[in-house]
Asker: 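Just passing along the structure, written as structure tokens.
Predicted, not measured: the structure shown is a model, and the values here were computed from it. Values below: every heavy atom of this structure, side chains too, minus hydrogens, waters and symmetry copies.
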Amino acid sequence: MSAPAGQAVPLLLGLAIGPTIAAVVIGIVMVVAGIRLVTTDNVVHAAISLMGVLAGVAATFMLLGAEFLGWTQVLVYIGAIVVLFLFGVMLTRARLGEADLDAPVAQRWAAAGTAVLVFGLLTTVFVKVFGSAEITVVTGQAPREPGALTSPTTAADLAHDLFRDWVLPFEAVSLVLLAALIGAIVLARRDDREHTRPRVARPEIEVIDEEIGRGGET
Amino acid sequence: MEFDGWTALIGTGTVVAVFVVVMLMVILAVWAERRVAAVMQTRIGPNRAGPFGLLQTIADGIKLLMKESITPRQVDRLVYELAPLLAVLPAFLALAIVPFGPGFCIGGQGTDCSGGYFVDMQIANLNVGVLWFLSMSAIGVYAALLAGWGSGSKYPLLGGVRASAQVISYEAALSLSVVPVVVAAGTLDTQGIVLAQSQYRWFLLPLFIPALFFFVAALAETNRPPFDLVEAESELVGGFHTEYSGVRFMLFFLAEYVNVVTISALFVTFFLGGWTGPYPVAGSVNWAPLFGAIWFLAKTVCIIGIFFWLRVTLPRLRYDQLMALCWKRLIPINLVYLMAVAVWVAYQATGDLPRLVGGG
């Protein structure tokens, strides 16, 4: 067995061939998708690559037995966040057939630096905390010891940890999300009384029409 | 029970059986929809191919397969080719968690089927079945979105934008109407949800409002009338699939009807007691699985019938009505209902209402 790419490595080494091969394949898919994501000029292609990366994350969760977390990842990230991202792209810069990314060089370096920093930080934390940890594979209905690293993780285990042991961080994160929501409303809200009723639909459609008009000429 | 050749064979057999049953249902549904619509509009409908026109769908399918699959010049190849696949794959994958009947045992004894093989009448008995279904319907959004953008043409783009806004919104409503079911049943597993409704304790009555909202959101999720703004013929030519022809169009068409069958089957699972029925009471008869499947399919066909009925009855919603219905009605009312169900379930479990609602 060779050392596979991806964060699931230390826990799998020396344990089983199947999961290791799966981890390697998932890792390769994620790396390729990740590279495509940052190198392509096309926003929509980038979004499709992002789907690949996020699907890889979900697959890694499932490989570690966190079924609930894996499917939540698919539901929330692939099913909602990337869709919203594409929706935004279509509303604002959907020049038909082309949607180019033109980040300035400084921005690219800043992004690369941030990526390396986050990678280093997360890797250090994970190796320090979980480097020598072992996941116990639970078969059947054996009760789970509190705080133990077990696989598979059931929805009940997860709920217990999240809403009892870690409820304060959870609530803090929800506050941050609430703030973001309020911020979005403040930014998006226009205080003209004229179009009060169909405000949801009208301005957006106008933007699209405009963009289509521009796109059609090219 | 261990994994060997028989387990693999049973697994493959289940997949093939589900596929055949669902394809038959889709073929009949396409035909039935046209006939039902014809009856309601005092027309005749397709009656030439085969007895009562039953073979019409097959004829149409062959026609679409033989037609040239045109690729317009301005399309984005990757996105354009990917979209029909992203329509049809999640549609079929979502079927994996539909419980068509109770599981049964071959060759084993006792409740745990020792020494034999336990056959689930569903492809995958997942612990997180409901989540699987929601994930698959979330991925299905991409079909319309990418088809709309990748076609490089005006009407598909408008269809794609409408599709994304509509389906994201109704995805939330759909999920929120399933959550009360999950809370009431205490499990995310579809078989568990069916078992929680045994002896006629169908969730339809206690959870009538979520059931109604689930149905409305299901209509919107599958882009069926009156929520078919995505492919409104009178406004957008064909909507997101305007530029698709031949086999690729057939995949979109197929995906829509598979989605209708899946979501009707899941409505039955969540609210109408799934495969439970009046005749064989809880495994008392050898034929219980067969009867279970019959009850299940009968209920599903009734729900599909309501889909058709609404299609010919209701006019299409306006875009702002669509959004207002979802965000101002379905989601808030569902949230309130969810809270009520959660409090009730917690009360049943602890018998301590004052502490639950915050007093003392």
Side-chain angles (χ1 to χ4, degrees), chain A residues 36 40 42-45 47-49 51 55 58 62 65-91 94-99 152-156 158 195 197-202 204-205 207-209 211-213 215-216 218, chain B residues 72-76 78-80 82 86 90 126-142 144-146 148-158 160-165 167-169 171-172 175 182 186-189 229 318-324 326-328:
Chain A
R36 253 192 71 83
T40 180
N42 188 314
V43 183
V44 176
H45 289 185
I48 293 174
S49 306
M51 267 171 78
M62 284 170 218
E67 246 186 354
F68 183 85
L69 202 57
W71 287 113
T72 312
Q73 170 86 13
V74 173
L75 183 63
V76 173
Y77 282 88
I78 301 182
I81 291 184
V82 182
V83 170
L84 277 178
F85 176 73
L86 277 176
F87 183 57
V89 169
M90 286 194 180
L91 279 184
R95 254 159 278 161
L96 300 170
E98 49 166 313
T153 317
T154 64
L158 204 65
H195 340 273
R197 223 158 51 85
R199 190 194 277 150
V200 191
R202 205 169 274 164
E204 292 160 6
I205 296 298
V207 173
I208 299 162
D209 284 343
E211 292 288 344
I212 288 170
T218 52
Chain B
R73 200 154 25 115
Q74 76 279 15
V75 301
D76 184 314
L78 170 75
V79 179
Y80 183 79
L82 195 62
L86 280 179
L126 287 182
N127 283 328
V128 289
V130 175
L131 217 54
W132 165 277
F133 154 66
L134 291 175
S135 305
M136 287 307 135
S137 70
I139 293 175
V141 183
Y142 282 99
L145 199 60
L146 293 181
W149 186 83
S151 295
S153 158
K154 298 171 193 183
Y155 291 120
L157 181 66
L158 281 172
V161 172
R162 283 186 181 188
S164 50
V167 183
I168 294 167
S169 310
E171 182 83 36
S175 315
V182 174
T187 175
L188 282 162
D189 166 19
L229 290 93
R318 217 172 51 218
Y319 195 80
D320 59 309
Q321 293 172 332
L322 177 89
M323 285 296 158
C326 182
W327 292 104
K328 293 182 182 166

Asker: What part of L145(B) gets closer than 4.5 Å to chain A, counting heavy atoms only: side chain, backbone, both or neither?
Answerer: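 The answer is both parts of L145(B).
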
Asker: Listed by chain and number, what are the side-chain hydrogen bond (donor to acceptor under 3.5 Å, both in side chains) partners of S169(B), not counting sequence neighbours?
Answerer: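 Listed in chain order: W327(B).
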
Asker: Test of understanding: with ring-ring contact (aromatic ring centres under 6.0 Å, His included), list the residues that count as partners of Y142(B), not counting sequence neighbours.
Answerer: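 By the ring-ring contact (aromatic ring centres under 6.0 Å, His included) rule, Y142(B) matches no residue at all.
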
Asker: What part of L78(B) is in contact with chain A, defined as an atom under 4.5 angstrom from a non-hydrogen atom: side chain, backbone, both or neither?
Answerer: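 Only the side chain of L78(B) comes within 4.5 Å of chain A.
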
Asker: Just wondering, do E67(A) and W132(B) contact through their side chains at under 4.5 Å, heavy atoms?
Answerer: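 Side chain of W132(B) against side chain of E67(A), heavy atoms only: no contact under 4.5 Å found.
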
Asker: Below 4.5 Å from any heavy atom of chain B, which atoms of I78(A) appear? Answer side chain, backbone, both or neither.
Answerer: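 Both parts, backbone and side chain.
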
Asker: Chain A heavy atoms under 4.5 Å from L126(B): which part of the residue, side chain, backbone, both or neither?
Answerer: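 For L126(B), the side chain is the part near chain A, not the backbone.
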
Asker: Check whether V76(A) gets within reach of chain B through its side chain, its backbone, both or neither, counting any heavy atom under 4.5 Å.
Answerer: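 It is neither, since no heavy atom gets under 4.5 Å.
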
Asker: Just how far is it from atom OG of S135(B) to atom CG of L131(B), taken to the nearest 0.5 Å?
Answerer: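 So the gap between those two atoms works out to 5.0 Å.
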
Asker: Within the 4.5 Å heavy-atom criterion, are I48(A) and L146(B) side-chain neighbours or not?
Answerer: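 Sidechains of L146(B) and I48(A): in contact.
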
Asker: Counting heavy-atom pairs under 4.5 Å to chain A, which of I139(B), I168(B), V79(B) comes out on top?
Answerer: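 Most heavy-atom pairs under 4.5 Å with chain A: I168(B).
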
